[in-house]
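In what follows, chains are A, B, ... by sequence order, proteins preceding strands, each numbered from 1.
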Amino acid sequence: MTSARPYASPYVAGVGLGLVLLVAFVLTGQGLGASGAFANAASGLVGAVAPAQAAKNSYFHSYLAAGAPWSAWIVLEILGVMTGGAVSAVLAGRFAGRIETGPRLSKPARLVGATAGGMVMGVGAVLARGCTSGQALSGGAMLAVGSWAFMIAVFVAGYAAAPLARRLWL
Amino acid sequence: MSFTQSLPVAFAIGAAFGFTLEQGGLGDARKLSGQFYLKDFTVLKVMFSAIVTAMLGVFWLGRLGMIDLAALYVPETYLAPQIVGGLVFGVGFVLAGLCPGTSCVAAASGRGDGLATVGGLLLGVLLTGLAMPVIEGFYVSTAHGALTLPQLTGAPYGVVVAAIVLIALAVFAMAERLERRS
């Protein structure tokens, strides 16, 4: 643990992230994303298990019709995110098997909370057509109205829910 | 398919994305959740620095004629589902302490809570997708196309960009004050 290097300044990391986003815009015409990879994975699963049902469902069909969901652009991008995150953690001596949890929360309870939180975010990301990456970050930089509405709604709900979730984190 | 749309480019851009998120500490749910208790504003600082950097880059590259702004993707606005989606997402964000991108970084840096969030996300997207026939009317409601803030307000592009830079600087100053207090 003593070998783990401290994190970069959030402003330095933010400008770096902004430059990555800018390169994505210039090279590909689109920004970054994350929840789209989950949408492709879900569409691929439904398409494999119940192809007739997937074809009837407008949401899954839209991803399946765009090509093979397992080799979609955003799926490769997310595999890159995991690789880049792992490389960064290893280089900084921060790679370690562990469960981050609040001081009053057991590790099993934390895993339940993380799974539940992921599910709830999944619902929100489908409705919003994106998450903090595709909407807030990428759409935000392109000044899309819906992206800014999403971002403001995320923080409003986050601050409203936080007092009820104190046990998780404080 | 052009080289820039190719999968190695997607992987490389993603790798740079994941690397910067981890460098900023955004794989740590305790750090992210601090945002909602006014203790650690890393999320806000990283997000707004990134938005301002990319926004200024796009604006100036467009102004200098080095990129075609019309060729850049602007997400379409569906106001009601995006506001409701954002409210739902915000609750999940507090519960998980991670968002979709950062949950991947958390999982990739060895964190079990990151992996659990990734699994929950897949399940949530899957179930909501299965419910699409029921919610489709709402999902496609309040469509405004690729509407931007300059179009909405009637203000010139450069004025909106400058206003967001000023708002970001004010947010940073407020975050620094609140962090010093806690």
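Residues of residues 129-137 of chain B having a heavy atom under 4.5 Å from any heavy atom of chain A, listed by number: B:Gly129, B:Leu130, B:Met132, B:Pro133, B:Ile135, B:Glu136. Contacts of residues 53-62 of chain A with chain B at a heavy-atom distance below 4.5 Å involve A:Asn57, A:Ser58, A:Tyr59, A:Phe60, listed in sequence order.
With a 4.5 angstrom heavy-atom cutoff, A:Leu164 does not touch chain B via any of its atoms. Using a 4.5 Å cut-off between heavy atoms, A:Trp73 contacts chain B through both its backbone and its side chain. Residue A:Ala72 touches chain B through its backbone alone, counting heavy-atom pairs closer than 4.5 Å. Heavy atoms of B:Val91 lying under 4.5 Å from chain A belong to its backbone as well as its side chain. With a 4.5 Å cut-off on non-hydrogen atoms, A:Leu170 touches chain B through its side chain but not through its backbone. Only the side chain of A:Ile78 comes within contact range of chain B, judged by heavy atoms closer than 4.5 Å.
No more than 12 heavy atoms of other residues, nucleotides or ligands sit less than 6.0 Å from atom CH2 of B:Trp60.
Between B:Phe36 and A:Phe155, the two ring planes are tilted [angle within 30° to 60°].
In terms of non-hydrogen atom pairs under 4.5 Å with chain A, the most contact-rich of B:Pro8, B:Gly114, B:Ala50 is B:Ala50. Highest contact tally toward chain B, considering only A:Thr101, A:Ile74, A:Val87, A:Val46, is held by A:Thr101 [criterion: heavy-atom pairs under 4.5 Å]. Heavy-atom pairs under 4.5 Å with chain B were tallied for A:Lys107, A:Met82, A:Arg166, A:Met151; the largest tally goes to A:Met82. For the options B:Phe11, B:Tyr73, B:Phe172, heavy-atom pairs under 4.5 Å to chain A are most numerous at B:Phe11.
Counting only distance, with no hydrogens or angles, the side chain of B:Gln82 and the backbone of A:Ala128 share a donor-acceptor pair below 3.5 Å. No side-chain donor-acceptor contact under 3.5 Å links A:Tyr11 to the backbone of B:Lys45. Remark: the backbone N or O of A:Pro103 is not paired with any side-chain donor or acceptor of B:Arg30 at under 3.5 angstrom.
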Side-chain atoms of residues 101-113 of chain B: list all donor-acceptor pairs with protein atoms under 3.5 Å, sequence neighbours left out, distances to 0.1 Å.
{"unit_1": "B:Thr102", "atom_1": "OG1", "unit_2": "B:Cys99", "atom_2": "N", "d": "2.8"}
{"unit_1": "B:Thr102", "atom_1": "OG1", "unit_2": "B:Cys99", "atom_2": "O", "d": "3.2"}
{"unit_1": "B:Ser103", "atom_1": "OG", "unit_2": "B:Cys99", "atom_2": "O", "d": "3.4"}
{"unit_1": "B:Ser103", "atom_1": "OG", "unit_2": "B:Pro100", "atom_2": "O", "d": "2.7"}
{"unit_1": "B:Ser109", "atom_1": "OG", "unit_2": "B:Val105", "atom_2": "O", "d": "2.9"}
{"unit_1": "B:Ser109", "atom_1": "OG", "unit_2": "B:Ala106", "atom_2": "O", "d": "3.1"}
{"unit_1": "B:Ser109", "atom_1": "OG", "unit_2": "B:Arg111", "atom_2": "NH1", "d": "2.7"}
{"unit_1": "B:Arg111", "atom_1": "NE", "unit_2": "A:Glu100", "atom_2": "OE2", "d": "2.7"}
{"unit_1": "B:Arg111", "atom_1": "NE", "unit_2": "B:Gly27", "atom_2": "O", "d": "3.4"}
{"unit_1": "B:Arg111", "atom_1": "NH1", "unit_2": "B:Gly27", "atom_2": "O", "d": "3.4"}
{"unit_1": "B:Arg111", "atom_1": "NH2", "unit_2": "A:Tyr7", "atom_2": "OH", "d": "3.3"}
{"unit_1": "B:Arg111", "atom_1": "NH2", "unit_2": "A:Glu100", "atom_2": "OE2", "d": "3.2"}
{"unit_1": "B:Asp113", "atom_1": "OD1", "unit_2": "A:Glu100", "atom_2": "N", "d": "3.1"}
{"unit_1": "B:Asp113", "atom_1": "OD2", "unit_2": "A:Arg110", "atom_2": "NH2", "d": "2.8"}

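In the hydrophobic clustering, A:Ile99 connects to A:Leu111, either directly or through intervening members, whenever side-chain heavy atoms lie under 4.5 Å apart.
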